[in-house]
Amino acid sequence: MSPAFRAMDVEPRAKGVLLEPFVHQVGGHSCVLRFNETTLCKPLVPREHQFYETLPAEMRKFTPQYKGVVSVRFEEDEDRNLCLIAYPLKGDHGTADNVDNSDCEPKSKLLRWTNKKLHGLEMEKTPKDWVRQHRKEEKMKSHKLEEEFEWLKKSEVLYYSVEKKGNVSSQLKHYNPWSMKCHQQQLQRMKENAKHRNQYKFILLENLTSHYEVPCVLDLKMGTRQHGDDASEEKAANQIRKCQQSTSAVIGVRVCGMQVYQAGSGQLMFMNKYHGRNLSVQGFKEALFQFFHNGRYLRRELLGPVLKKLAELKAILERQESYRFYSSSLLIIYDGKERPEVALDSDAEDLEDLSEESADESAGAYAYKPIGASSVDVRMIDFAHTTCRLYGEDSVVHEGQDAGYIFGLQSLIDIVTEISEEGGE
C-alpha cells in the first residue's frame, strides 16, 4: 500500500480520501490537489512518473519525495455534490491494468474538487428542455469564466490586506487567485468529461509547504528552452516565442508565480506568470527582492541558505549526463510568519513574553537573535517534459549537461548575491 495511505492524517472515506484544491499553487496549469497535510497529488504523466522512479539519488533532496500512485475517481456525496476520491491501486503496485491512463497528460481533463452539483441530475425536466436550458447555462457560465480569467490576467499583481491578529494561514486560503483560476478551469473541464471517463491515475508527492505556517512561494521557470522533444511545431514555436520575449532567453530563468506574506504591512501579494513574462532583467531582480522583503526590511537571513542550496543544486546538475529538464520549475519556499527576536541576555520569562513588535522597538539596546533557525527550501518540480538517455523510447538522446538550466541557476545565484551585497532595505 502507498505510504501516504498507511500514514494517513485525514479521515478515510470508505477506504478512500477526499481530495481538495491545493491553495498554495502559484504557477503551472496542471491539476494539483491536497491529499492530506503532508501529501499532494497530481495527474500521472508517464514521463514524470518515470523520472521520479529513476532519478539519481543525489537529486532526491532537491525534488519532492515521491510517495506512489493512487486511483482517483468522481463520486457524489449524500447531498449530490461532486467530489474527487483517491483510492489505493488494486494490488498496491505502481500500475494497474484496469485503470485507463491514456489521457493523463498535463492538459488532461482531470478534475478539481468542487461543491457544484451535476446538472445532469435534474431529471424533472424533459430531455429537450434540459438540453436547451443546459446549453444556455453553459454559455452564460463560459462567458463569466472568460471574464474572470481576463480579470485575473490583467490583474497580474494583487495585494490583499489581512488581519494580522487572526490566522493568516486560513485567510490566505481565500485569496490565492491562481489557485482559484485553476479550480475554475478544472471545473469547466469536468463537465465536458465526466460522462466519458471516471477513473484516473495520480502520483503522490510531498507537500513542500506543509512545514510552514504561512508559506511564501516563488515559482521560477528554469532554462533557455521550454518545449519538449515531442512538442508539435506549433507548440515549439509558441514556447520559443515566450522564451524570446521574456528573461528566459537572456538569463535562463523567469518568474512563473509568486505568493508572499509581508508581515510588516499585513499584506498578501500575488504575482502571476503573465507579469513574470513581461519583466525585464532589472524587473526580475526587483521581483526577487520583493519576494524576500517582509514589508519592513529584507529577510537577509534567508539569502545565505538560498545561495548555498542553489550552488549545491548546480554542482549536482553539472554531474548529470543526458538529462534535459524542459519546462521544469524551481520552487523557493520560506515561512512568512517570522519568529520573534529576543535579547541574548534575556531570561526564560522574557523569552515567553517578548513579541516581535517589542523586540523591534528595542532594537539597538540589546543584541538580538531569532528564536530558532530560519528555514528555506529549494526544490525542482514539474518533469512532464524531462528527457534522459535512460528513457529508451525517446527519439532524441541528448549528451552532456542541461546547459540552459545550469545557466539559469548561475544567473539566479548572481542576482541573489547582488541583492545580498547591496545595502538598501
Side-chain angles (χ1 to χ4, degrees), residues 28 30 42 44-69 94-95 104-106 203-206 208 219-233 235-236 239-240 242-244 246-254 256 305-332 377-417:
S30 185
K42 61 183 293 191
L44 186 151
V45 181
R47 184 175 297 274
E48 182 170 45
H49 185 218
Q50 186 173 17
F51 169 81
Y52 278 114
E53 293 212 315
T54 62
L55 85 164
E58 63 178 345
M59 286 187 63
R60 288 176 186 161
K61 66 182 296 184
F62 286 104
T63 60
Q65 180 189 356
Y66 168 67
K67 299 186 178 186
V69 181
T95 60
C104 286
E105 296 296 334
I203 59 172
L204 296 172
L205 298 171
E206 174 188 6
L208 300 174
D219 186 326
L220 299 171
K221 187 70 73 173
M222 300 299 297
T224 54
R225 169 180 161 176
Q226 300 302 323
H227 63 280
D229 292 322
D230 57 347
S232 66
E233 289 186 12
K235 177 72 171 179
Q239 293 295 336
I240 290 170
K242 289 178 183 177
C243 288
Q244 291 175 340
S246 70
T247 55
S248 294
V250 184
I251 57 175
V253 55
R254 71 173 184 258
C256 191
V306 166
L307 286 170
K308 182 178 179 181
K309 290 176 183 288
L310 291 175
E312 185 179 356
L313 175 59
K314 179 173 176 283
I316 290 173
L317 294 188
E318 286 173 341
R319 295 193 289 269
Q320 306 309 313
E321 278 287 322
S322 182
Y323 274 101
R324 295 296 182 272
F325 303 101
Y326 299 135
S327 199
S328 176
S329 283
L330 188 72
L331 293 185
I332 300 178
D377 206 355
V378 175
R379 304 287 187 105
M380 299 173 68
I381 62 167
D382 296 339
F383 303 101
H385 301 287
T386 292
T387 183
C388 174
R389 66 160 59 100
L390 298 175
Y391 306 168
E393 73 278 5
D394 287 358
S395 58
V396 180
V397 177
H398 299 272
E399 299 295 334
Q401 310 163 345
D402 188 339
Y405 197 111
I406 293 171
F407 172 59
L409 279 176
Q410 186 58 56
S411 297
L412 196 55
I413 291 170
D414 293 342
I415 292 172
V416 176
T417 299

S.K.: For the CD atom of Gln401 and the CD1 atom of Ile406, what is their distance to the nearest 0.5 Å?
M.R.: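 Between atom CD of Gln401 and atom CD1 of Ile406 there are 4.0 Å.
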S.K.: Hey, are Lys308 and Glu312 close enough for a salt bridge, meaning a charged N less than 4.0 Å from a carboxylate O?
M.R.: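 So Lys308 does not pair with Glu312 through a salt bridge.
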S.K.: Are any non-hydrogen side-chain atoms of Phe383 and Tyr323 less than 4.5 angstrom apart?
M.R.: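 A side-chain contact is absent here, since even the closest heavy-atom pair is not under 4.5 Å.
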S.K.: Is a donor on one side and an acceptor on the other found under 3.5 Å between the side chain of Gln65 and the backbone of Lys61?
M.R.: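 Here the side-chain-to-backbone pair does not exist.
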S.K.: Rounded at 0.5 Å granularity, tell me how far OG1 in Thr387 sits from CG in Asp394.
M.R.: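 Those atoms lie 3.5 Å apart.
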S.K.: Identify the two heavy atoms, one from Glu321 and one from Gly400, that lie closest to each other, and give their separation to 0.1 Å.
M.R.: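 The pair with the smallest heavy-atom distance is OE1-N, 3.3 Å.
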S.K.: Does the side chain of Met222 come within less than 4.5 Å of Phe325's, by heavy atoms?
M.R.: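 SC-SC contact between Phe325 and Met222 ruled out.
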S.K.: Heavy-atom distance under 4.5 Å between the side chains of Lys221 and Lys242, does that happen here?
M.R.: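 Answer no - side chains too far apart.
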S.K.: Any heavy-atom pair between the side chains of Val396 and Arg324 that's under 4.5 Å?
M.R.: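 In short, these two side chains do not touch, never coming nearer than 4.5 Å.
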S.K.: Using 0.5 Å steps for rounding, measure from the CD1 atom of Ile415 to the CG atom of Leu310.
M.R.: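 That separation rounds to 11.0 Å.
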S.K.: Report yes or no: does Arg225 contribute a side-chain atom to a donor-acceptor pair with the main-chain N or O of Ala249 at less than 3.5 Å?
M.R.: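 Judged by distance alone, no pair lies under 3.5 Å.
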S.K.: Please examine the side chains of Glu58 and Gln320, heavy atoms only from C-beta on, and report whether any two atoms are closer than 4.5 Å.
M.R.: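 In contact.
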S.K.: Please check if the side chain of Arg47 supplies one atom and the backbone of Thr386 the other of a donor-acceptor pair under 3.5 Å.
M.R.: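 Yes.
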S.K.: Rounded to the nearest 0.5 Å, what's the gap from CG on Asp414 to CG on Leu307? Could you check?
M.R.: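 One finds 9.5 Å between CG of Asp414 and CG of Leu307.
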S.K.: Just verifying a value: how many Å separate Leu313 CG and Leu330 CG, rounded to the nearest 0.5 Å?
M.R.: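 The distance works out to 6.5 Å.
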S.K.: Can any side-chain N or O of Thr224 pair as donor or acceptor with the backbone N or O of Ser248 at less than 3.5 Å?
M.R.: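 Not at all, since once roles are kept as given, no pair shorter than 3.5 Å links the two residues.
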S.K.: Just by distance, do the side chain of Arg379 and the backbone of Thr63 share a donor-acceptor pair under 3.5 Å?
M.R.: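 Answer holds: yes.
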S.K.: Evaluate the ring planes of Tyr326 and His227, with Trp represented by its six-membered ring, and classify them as parallel (under 30°), tilted (30 to 60°) or perpendicular (over 60°).
M.R.: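 Rings of Tyr326 and His227: parallel, as their planes differ by under 30°.
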S.K.: Can you label the angle between the Tyr52 ring and the Tyr66 ring as parallel, tilted or perpendicular, going by 30° and 60°?
M.R.: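 Plane angle under 30°, so parallel.
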S.K.: Give a yes or no on whether the backbone of His385 and the side-chain of Ser327 come within a donor-acceptor separation of less than 3.5 Å.
M.R.: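 It does not hold such a pair.
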